[in-house]
Amino acid sequence: MRLGDIFKAGRFGLSIEIFPPKTDAGDAALFETIRRAVAYKPAFVSCTYGAGGSTRHRTMDLCDRIQSEHQLTATAHFTCVGSTREELVEWLSQANQRGIHNIMALRGDPPAGESNFKAVAGGLNNANELVALIREHFPNFGIGVAGYPEKHPEASNLDTDLQNLKRKVDAGADAIFTQLFYVNDHFFRFRDRCEQLGITCPIVPGIMPITEFARIKRITSMCKSEFPSQLSERLERVQDNAAAQFEIGVEYAIEQCRQLIERGVPGIHFYVLNRMDACSKILDALKV
């Protein structure tokens with residue numbers, strides 16, 4: 001099923017995001033996670049694409065396995081980094097031949113050691129150009145793009161960031177999947193401003209359940225995402241108790257997701273970090 005069709009059908013678009021492991025043991029653990037995810041009937045599973053395109057072939061291989069072994073729709077992340085237009089089209093052609101017809105189109109982060117993104121000669125500069133390229137060569141693909149409720153870290157302000165997002169949508173994106181956030185009001189304001197700009201495609205909130213406080217502090221720091229002070233204080237008090245951190249994180253995510261669902265989100269995209277334990281508890285409580 002293509003991304004656009006998932007939401008047009010009025011179905012709640014539950015999805016999970018995984019990343020390519022680096023070891024055989026990691027692969028085994030990942031596919032146990034996928035096996036557990038099947039029970040919740042996700043609309044799709046997305047697989048990330050390593051920094052600088054370092055896992056581009058692994059991403060495709062994993063998407064192929066997800067679809068062939070588990071009969072789940074896979075969405076491959078795809079970036080502009082380090083590739084010419086011709087190389088990008090070749091990768092897309094290979095994905096198409098292997099039955100991968102959904103793409104999460106991203107500009108991508110600068111290669112390691114570089115602070116600014118710079119396209120290679122003959123490459124693309126922005127995600128909207130990548131969306132346009134996909135639409136030009138593979139018009140029937142489903143295309144997702146990233147949105148940032150609290151602004152992309154590189155954007156000068158939220159207005160500029162939203163204009164960049166609109167360019168991606170106007171180029172042919174089917175749906176927006178947001179960066180993680182822990183304050184729902186940021187998402188609701190972002191959604192309202194998108195609507196004011198004429199962005200009408202589905203906007204799906206991205207949720208990363210808290211399973212380890214130290215890890216989430218690092219991630220939110222990199223993303224420039226607000227972390228609620230009361231939640232931080234609760235987690236600080238149990239920083240030596242992994243089980244307690246997990247339970248607090250799950251409890252918070254359940255309430256966060258309930259509020260989002262009550263306010264009419266078309267789906268939820270879970271960043272599961274290749275582990276299904278927290279997501280399973282959340283979904284069991286939500287009964288979506």
Side-chain angles (χ1 to χ4, degrees), residues 15-23 25-27 29-30 33 45-55 58-59 77 79 81 104 106-117 127 146-156 158 161 177-187 190 204-257 260 268-282:
S15 54
I16 69 170
E17 182 169 307
I18 55 97
F19 61 86
K22 296 180 179 179
T23 65
D27 276 5
L30 170 61
T33 289
V45 176
S46 73
C47 182
T48 65
Y49 187 90
S54 58
T55 66
R58 288 275 288 138
T59 295
H77 287 222
T79 78
V81 179
M104 199 72 73
L106 311 164
R107 187 204 67 181
D109 295 326
E114 298 184 22
S115 57
N116 297 312
F117 180 88
Y148 298 84
E150 297 166 85
K151 184 181 77 63
H152 190 286
E154 294 179 24
S156 57
L158 187 55
D161 198 34
F177 298 87
T178 79
Q179 176 64 276
L180 62 89
F181 59 91
Y182 292 97
V183 178
N184 282 354
D185 282 348
H186 291 314
F187 174 82
F190 169 76
V204 182
I207 298 296
M208 181 178 286
I210 301 161
T211 58
E212 181 186 341
F213 186 36
R215 170 186 281 173
I216 244 36
K217 283 197 295 186
R218 289 194 302 272
I219 292 172
T220 53
S221 176
M222 289 187 296
C223 298
K224 310 298 184 187
S225 182
E226 180 183 356
F227 199 78
S229 58
Q230 290 185 333
L231 178 59
S232 180
E233 290 167 4
R234 289 184 67 194
L235 289 163
E236 287 280 5
R237 289 195 290 269
V238 295
Q239 58 185 315
D240 297 322
N241 186 331
Q245 291 176 51
F246 180 92
E247 291 304 321
I248 290 170
V250 166
E251 173 192 309
Y252 188 85
I254 290 170
E255 183 56 30
Q256 185 179 14
C257 290
L260 291 165
I268 294 177
H269 187 68
F270 283 100
Y271 300 102
V272 301
L273 298 176
N274 289 14
R275 299 185 65 178
M276 199 65 190
D277 295 347
C279 194
S280 292
K281 285 183 174 292
I282 294 162

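Positions are given from 1 along the sequence.
With hydrogens and angles disregarded, a donor-acceptor distance shorter than 3.5 Å links the side chain of K151 to the backbone of A155. S280 places a side-chain N or O within donor-acceptor distance of the main-chain N or O of M276, the cut-off being under 3.5 Å. Within the 3.5 Å criterion, the main-chain N or O of L106 finds no donor-acceptor partner in the side chain of T79. In this structure a side-chain-to-backbone donor-acceptor pair under 3.5 Å is present from T220 to I216. One N or O on the side chain of T33 and one on the backbone of N274 form a donor-acceptor pair closer than 3.5 Å. Side-chain atoms of E17 never come within 3.5 Å of backbone atoms of V272 as a donor-acceptor pair (strictly under, hydrogens ignored). One N or O on the side chain of Q239 and one on the backbone of E236 form a donor-acceptor pair closer than 3.5 Å. Using a distance-only test at 3.5 Å, with no hydrogens or angles considered, a donor-acceptor pair links the side chain of Q245 to the main chain of V238.
Residues S15 and F270 form no side-chain contact, since every pair of their non-hydrogen atoms from C-beta on lies 4.5 Å or further apart. Counting only heavy atoms from C-beta outward, the side chains of F227 and S221 never approach each other to under 4.5 Å. In this structure, Q256 and Y182 have side chains that are in contact, with non-hydrogen atoms separated by less than 4.5 Å. Between I248 and I210 the shortest side-chain heavy-atom distance does not fall below 4.5 Å. In this structure, the side chains of S46 and H269 come closer than 4.5 Å at one or more pairs of heavy atoms. Under the 4.5 Å side-chain criterion, counting only non-hydrogen atoms from C-beta, V183 is in contact with P228. Looking at heavy atoms from C-beta onward, L180 lies in side-chain contact with S225 at the 4.5 angstrom threshold.
Heavy atoms of other residues, nucleotides or ligands lying less than 6.0 angstrom from CD of Q230 number 12 at most. Atom NZ of K281 has 12 or fewer neighbouring heavy atoms from other residues, nucleotides or ligands inside a 6.0 Å radius.
Note on E154 versus R107: salt bridge recorded, some NZ/NE/NH1/NH2 to OD/OE distance being below 4.0 Å. Between D27 and R58 there is a salt bridge, since at least one side-chain N of the basic residue sits less than 4.0 Å from a carboxylate O of the acidic one.
Interatomic distance, CZ of F181 versus SG of C223, reported as 12.5 Å (0.5 Å rounding). Distance check, rounded to the nearest 0.5 Å: CG of L231 to CD of E251 gives 9.5 Å. Between R218 atom CZ and F213 atom CZ the span is 11.5 Å, to the nearest 0.5 Å. Here the straight-line distance linking atom CG of L158 with atom CD of E150 works out to 10.0 Å at 0.5 Å rounding.
Listed here is the closest heavy atom pair of I219 and M208: CD1-SD, 3.6 Å. The heavy-atom pair separating C257 from I282 by the smallest distance is SG-CG2, 4.4 Å. Heavy atoms only, all atoms of each residue included: Q179 and Y271 are closest at CA-OH, 4.0 Å.
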When you look at N184 and L260, which way does the side-chain contact (heavy atoms from CB on, under 4.5 Å) test go after all the steps?
CA-CA 7 Å; N184 282 354; L260 291 165; 3.8 Å; yes
Working note: T178 + V204, criterion side-chain contact (heavy atoms from CB on, under 4.5 Å); need CA distance, chi angles, decisive distance, verdict.
CA-CA 6 Å; T178 79; V204 182; over 6 Å; no
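Between F187 and F190, the angle of the ring planes lies from 30° to 60°, which puts this pair in the tilted group.
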